[in-house]
Amino acid sequence: MIAFEYLILFLLVVLLAYLIQFRWKRQRLHDLAKNLPGHDGLSIFESIKLATKISRRDYIPIMSKFIKDDAPITKLWLANYLTILTKDPDFIHKIFNCSKTYNKPKVFYQMFFMDHALTPMGGDDHKRHRRILNKAFTSAVMHNLPEIFNEKAKKIVTKMEEKVGRGEFDLMDYVGALSLESFGKINLNYEIDYFQSEIYYSMKRFVEFCKLKVFVILGIVMKKVNVELAQIFKNFNNFIAKVIDSNKSRNSQENSIVQLLLDPKNHFSNQEIYEELILTTMASFATSTKTLAATLVLLAMHKDKQQKLFDEIDEIYSTESDTKFSNDFLQKFIYLDAVLKESMRIFPAIPIIGREASEEVEIEGYLIPKGTVILISIFAMHRDKKIWGDDADAFKPERFFEELTNPHAFVPFAG
Ligand code: HEM
């Protein structure tokens, strides 16, 4: 019995020593944190309560509750994490362009379950992957895309027409098909029939999982214990295996994501190839689908803007003899461009993103300690009345015809 008491005492001493050393190592972080404007601290209980609320639906009230207007940044201790919230365009611009705030905070990006793919990765590995994969996004590659989008859009519109007059239907299914099939053809060199494909169900369910509050914090654990989530990832892997097989037996489109990943000269490991293919498929699917759905709903809600868009389309088609879908042809759709930008301003597909200070760094006069988590609210900046005026919440594509008050205030694609 005495031995047991000694053991407990010993463990307590070790724990205490660890905590003292941990706190001592972070003294500088605590000293600098005192000079940052914001809140002094939430208890562990409050932090957990807040963290469990960081789901898509709740972040608007959370941000407006904590983010202060009188300084470009707001400090908020989330349990052990020194966090700064920001919606300031100039501050955010500096963050995007600073090598010391390049990395993503692991704690917020763990929900992707991946360590070898772009979004959660940091440092030199991230730079290497970007340098190679950027080749898939050059204007020369983009040049060939409008024809593919057009072919896929026609298919989806025909499918949606079957629903006319038959009651409600889920718009996301149709715009999701457009996003995923286009991505498959362009970047995976693989024809996906969304409505027949196993990837359809898995993507949809995965997006549903991401909405669960508890998923955000327990993502990794859930993948191991949740049978359905494990099955979803098995389906992702099976799908990617088929994509890779089919690309081995025929030539991939040059500079497609799959071709860049499979090219032996680029030295990607098998795990990197799988994770990047799953991640880019997800990144493209979730964002394009939400953006397209939001745009269609906004147009449905604003009949006058919808009419203006129809008028533009009618006018261009009535004067154009050659309506081949090229990049040059698309440049003529000025109002459509403004509609899409305004839709991404109002509903940015990724409303909040994170970065981490890998070194102590001074930004806009604030000394940010090493290890600080920086939460950038694209949503709050896109809706800030100080930037966009009193009608910041209104759908008004025309605002993009004028020069923006601050060019850094519109960042739907982040940096
Ligand atoms: C309307 C469409 C889209 C929007 C609004 C959008 C938005 C964004 C944003 C805000 C980020 C930054 C995330 C962060 O830093 O945490 C991001 C990253 C990324 N997006 Fe998109 N995206 C769109 C479409 C796409 C498409 C079609 C693809 C693939 C073909 C794609 C691939 C990626 C990748 C790979 C990353 C990670 C980049 C990195 O970490 O370096 N996105 N996207």
Side-chain angles (χ1 to χ4, degrees), residues 54 56 86 92 95-98 101-112 114-138 141-142 144-146 148-149 152 175-176 178-190 192 203 210 216 253 255-261 272-273 275-296 298 336-337 339-356 373-379 381-382 410-415:
I54 302 184
R56 197 156 279 280
T86 180
I92 293 172
I95 297 285
F96 285 153
N97 290 292
C98 173
T101 51
Y102 184 82
N103 289 350
K104 319 264 176 30
K106 272 229 167 337
V107 61
F108 284 96
Y109 282 76
Q110 65 175 10
M111 62 186 279
F112 289 100
M114 296 176 211
D115 287 326
H116 302 89
L118 273 175
T119 307
M121 209 163 47
D124 290 342
D125 282 339
H126 183 270
K127 286 184 189 142
R128 182 174 74 86
H129 281 224
R130 269 307 283 259
R131 190 168 31 79
I132 298 166
L133 292 180
N134 275 350
K135 292 181 192 148
F137 299 93
T138 59
V141 174
M142 297 292 158
N144 301 322
L145 307 191
I148 298 175
F149 292 142
K152 294 293 179 189
V175 288
L178 177 55
S179 303
L180 193 66
E181 290 198 9
S182 305
F183 178 82
K185 185 152 182 173
I186 295 160
N187 288 306
L188 304 179
N189 194 33
Y190 190 81
I192 304 171
M203 277 288 163
C210 292
V216 178
Q253 205 167 307
N255 287 341
S256 58
I257 291 179
V258 69
Q259 190 256 348
L260 292 164
L261 287 166
E272 286 175 321
I273 295 172
E275 290 197 6
E276 280 301 6
L277 287 173
I278 295 176
L279 181 110
T280 44
T281 309
M282 278 179 194
S284 134
F285 174 79
T287 51
S288 312
T289 305
K290 277 182 212 145
T291 302
L292 283 168
T295 308
L296 292 179
L298 282 165
L336 174 60
D337 187 61
V339 163
L340 286 168
K341 282 182 176 147
E342 180 67 343
S343 158
M344 290 193 284
R345 182 187 70 81
I346 294 198
F347 294 123
I350 307 186
I352 184 161
I353 58 170
R355 294 290 182 270
E356 190 174 82
V373 171
I374 303 158
L375 290 184
I376 297 168
S377 177
I378 298 178
F379 180 91
M381 176 165 72
H382 280 189
F410 179 62
V411 288
F413 301 99

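Whatever order the structure lists ligands and atoms in, that order sets their numbers, starting from 1. Just the heavy atoms: all of them, side chains too, but no hydrogens, waters or symmetry mates, feed the values below.
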Spatial distance of atom CG (Leu260) from atom CD1 (Ile273) [nearest 0.5 Å]: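 Between Leu260 CG and Ile273 CD1, I get 11.0 Å after rounding to 0.5 Å.
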
Gap between atom CD1 of Ile132 and atom NZ of Lys127 - 0.5 Å precision: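 These two atoms lie 14.5 Å from each other.
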
Under 3.5 Å: donor-acceptor pair, side chain of Thr287, backbone of Ser284: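 Side chain of Thr287 to backbone of Ser284: a pair is present.
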
Check: His382 side chain, Arg345 main-chain N or O, donor-acceptor pair, under 3.5 Å: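 At least one qualifying donor-acceptor pair exists.
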
Asp124/Arg128 ion pair, N-O < 4.0 Å: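 Answer for the salt bridge query: no.
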
All ring pair (Phe, Tyr, Trp, His ring centres under 6.0 Å) counterparts of Tyr102, not counting sequence neighbours: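 Result, ring pair (Phe, Tyr, Trp, His ring centres under 6.0 Å) vs Tyr102: His126.
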
Set of residues that line ligand 1, where lining means a heavy atom lies under 4.0 Å from it: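 Ligand 1 pocket, heavy atoms under 4.0 Å: Lys104, Tyr109, Leu118, Thr119, His126, Arg130, Phe137, Phe183, Asn187, Thr280, Ala283, Ser284, Thr287, Ser288, Thr291, Ala349, Ile350, Ile353, Arg355, Pro412, Phe413, Ala414.
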
